[in-house]
Amino acid sequence: MYEQYRYYLPGRVVNEINPDLLPDADGQDNGQNDCPQAENLEQFGAMDLPKSPDSIHVITIIGQVEGHLIMPSQNKTTKYEHIIPLLVAVEQSPDIKGLIVILNTVGGDVEAGLAIAEIIASMSKPTVSLVLGGGHSIGVPIAVAADRSFIAPTATMTIHPIRLTGMVVGVQQSFDYLERMQDRVISFVSEHSRIKPEKFREMMMTIGELARDVGTIAVGEGAVECGLIDACGGLADALAALKQLIAEREVAQPPQEDGQPPQEDGQ
């Protein structure tokens, strides 16, 4: 799968981006980075670039957010068992000062999406989200979970009631459970954005905008005007906001010498 990153010379294969990540000049596996690189490309669709002094990490939420059930192989998915450890690693890494989350997702599993959103919201490091293309359904809580959120002018966000798939028992308890799940989403979104719970619920139940469903489609500036997203912009705007948040955090919490934590007053 990773031939596109190689060029061929007689008797050797070379990685144009980082030669150390592919076999040595004699064509033999160097035994260090080749296998992990191939696995990263297969799992995440990207290879590691050369190390840089940049302290900003990027995580993408694309396709469908996959929950406890594995989606069909033709579906492009974001697996929560991949994203959650990455978020934990970002929080623990002393070299990473900020996180940017880029979304182009159709939504997916409610609990998996909320789990990702809760972790982003609880991180101590500055976070910024950028919606490109679409941040639909459960992608909305993930987008608003960051400290600052941006949406591209042509990007869309679909807000609709929670759906259940599979067998549903037609009893009052099933409808009560569905309502409680919906309340969890509404509560999270309203707490991490400027939109009121009543407004968000109203947008969920709007009739006439979606051909085969109820709900609302917010495009670019519309998502900002209703209070879901902080600002309309692109990658440069999101990075500038993140760097500003990082600078503000460093001023508020200056690094201590010898790695010592800051001392409390009176000690």
Side-chain angles (χ1 to χ4, degrees), residues 59-67 71 74-78 80 83 100-118 120-121 127-165 175 178-238 241:
I59 288 180
T60 56
I61 308 294
I62 61 174
Q64 188 162 352
V65 178
E66 187 178 88
M71 301 300 299
Q74 67 269 21
N75 288 35
K76 186 178 291 295
T77 62
T78 294
Y80 77 101
I83 298 298
I100 180 169
V101 182
I102 298 180
L103 297 97
N104 186 13
T105 176
V106 297
D109 187 275
V110 174
E111 291 190 345
L114 279 179
I116 295 172
E118 287 284 8
I120 295 174
T127 56
V128 169
S129 65
L130 173 61
V131 179
L132 298 173
H136 307 293
S137 190
I138 201 60
V140 175
I142 299 176
V144 304
D147 298 328
R148 291 289 305 279
S149 57
F150 290 83
I151 185 170
T154 58
T156 60
M157 303 181 79
T158 302
I159 304 160
H160 62 76
I162 292 177
R163 308 183 185 100
L164 292 180
T165 59
F175 298 106
L178 182 63
E179 183 68 19
R180 289 198 297 271
M181 288 182 64
Q182 198 157 277
D183 289 341
R184 290 161 59 192
V185 174
I186 295 173
S187 175
F188 183 90
V189 171
S190 62
E191 289 176 0
H192 294 86
S193 67
R194 295 176 289 108
I195 196 169
K196 300 296 183 182
E198 299 79 12
K199 177 63 176 178
F200 191 70
R201 187 182 295 273
E202 177 186 341
M203 296 176 70
M204 274 185 167
M205 303 301 176
T206 299
I207 298 175
E209 286 203 25
L210 303 182
R212 295 178 297 174
D213 198 357
V214 296
T216 301
I217 299 177
V219 183
E221 285 289 353
V224 179
E225 293 174 359
C226 72
L228 268 180
I229 301 297
D230 294 327
C232 190
L235 180 60
D237 303 298

Exercise. Under the side-chain contact (heavy atoms from CB on, under 4.5 Å) criterion, do S129 and I142 qualify, and how do the steps go?
Worked result: CA-CA 8 Å; S129 65; I142 299 176; over 6 Å; no
Seminar exercise, completed: Residues at least two apart in sequence or cross-chain that pass side chain to side chain contact (heavy atoms under 4.5 Å, CB included) with T158, listed by chain then number, are H136, H160, L210, I217
Seminar exercise, completed: On a heavy-atom basis, the closest approach of P153 and G233 is CD-O, 4.3 Å
Exercise. Can you name the closest pair of heavy atoms from A152 and C232 and give their distance?
Worked result: C-SG, 4.1 Å
Exercise. Which of these passes side chain to side chain contact (heavy atoms under 4.5 Å, CB included) with I138: I162, V65, V106, I116?
Worked result: V65
For this session: Apply side chain to side chain contact (heavy atoms under 4.5 Å, CB included) to D237 and list each qualifying residue two or more places apart in sequence or on a separate chain.
Result: F150
Problem set entry | Any residue meeting side chain to side chain contact (heavy atoms under 4.5 Å, CB included) with T127, in chain and number order, not counting sequence neighbours | L99, I120, M123, A146, D147
Problem set entry | E202 vs K196, side-chain contact (heavy atoms from CB on, under 4.5 Å): CA-CA, chis, key distance, verdict | CA-CA 10 Å; E202 177 186 341; K196 300 296 183 182; over 6 Å; no
For this session: Kindly determine whether N75 and E66 satisfy side-chain contact (heavy atoms from CB on, under 4.5 Å), including the steps that lead there.
Result: CA-CA 10 Å; N75 288 35; E66 187 178 88; over 6 Å; no
Problem set entry | Shortest non-hydrogen contact from G215 toward E209 | O-CB, 3.6 Å
For this session: Could you grab the distance from atom CG of L130 to atom CG of N104, nearest 0.5 Å is fine?
Result: 10.0 Å
For this session: Could you tell me which non-hydrogen atom of A117 sits nearest to which non-hydrogen atom of A145, and how far apart they are?
Result: O-CB, 3.3 Å
Exercise. Quick one: salt bridge (charged side-chain N to carboxylate O under 4.0 Å, His left out) partners of R201, sequence neighbours excluded?
Worked result: E179, D183
For this session: List in chain and number order the residues that pass side chain to side chain donor-acceptor pair (under 3.5 Å) with E191, two or more places apart in sequence or in another chain; answer none if no residue qualifies.
Result: S187
Exercise. Would you find a donor on one side and an acceptor on the other, under 3.5 Å apart, between the side chain of T78 and the backbone of Q64?
Worked result: no
Seminar exercise, completed: For T216, the side chain to side chain donor-acceptor pair (under 3.5 Å) test, sequence neighbours excluded, returns T206
Seminar exercise, completed: Interatomic distance, CE@M205 vs CD1@I207, rounded to 0.5 Å, equals 10.0 Å
For this session: Measure the spacing between OG of S190 and NZ of K199 and express it to the nearest 0.5 Å.
Result: 14.5 Å
Exercise. Restricting to pairs with a member in residues 192-232, which pass ring pair (Phe, Tyr, Trp, His ring centres under 6.0 Å), not counting sequence neighbours?
Worked result: F188-H192
For this session: Using side chain to side chain contact (heavy atoms under 4.5 Å, CB included) as the criterion, list what pairs up with I100, not counting sequence neighbours.
Result: I56, V58, I102, L235, A238, L239, L242
For this session: Supply the atom-to-atom distance M204 CE to I186 CD1, rounded to the nearest 0.5 angstrom.
Result: 4.5 Å
Only distances under 3.5 Å count here; give the side-chain donor-acceptor pairs of residues 224-231 to other protein atoms, sequence neighbours excluded, each with its distance to 0.1 Å.
residue : atom : partner : partner atom : Å
D230    : OD2  : S149    : N            : 3.0
D230    : OD2  : S149    : OG           : 3.4

Exercise. How far does CG of L114 sit from CG of D109, to the nearest 0.5 angstrom?
Worked result: 9.0 Å
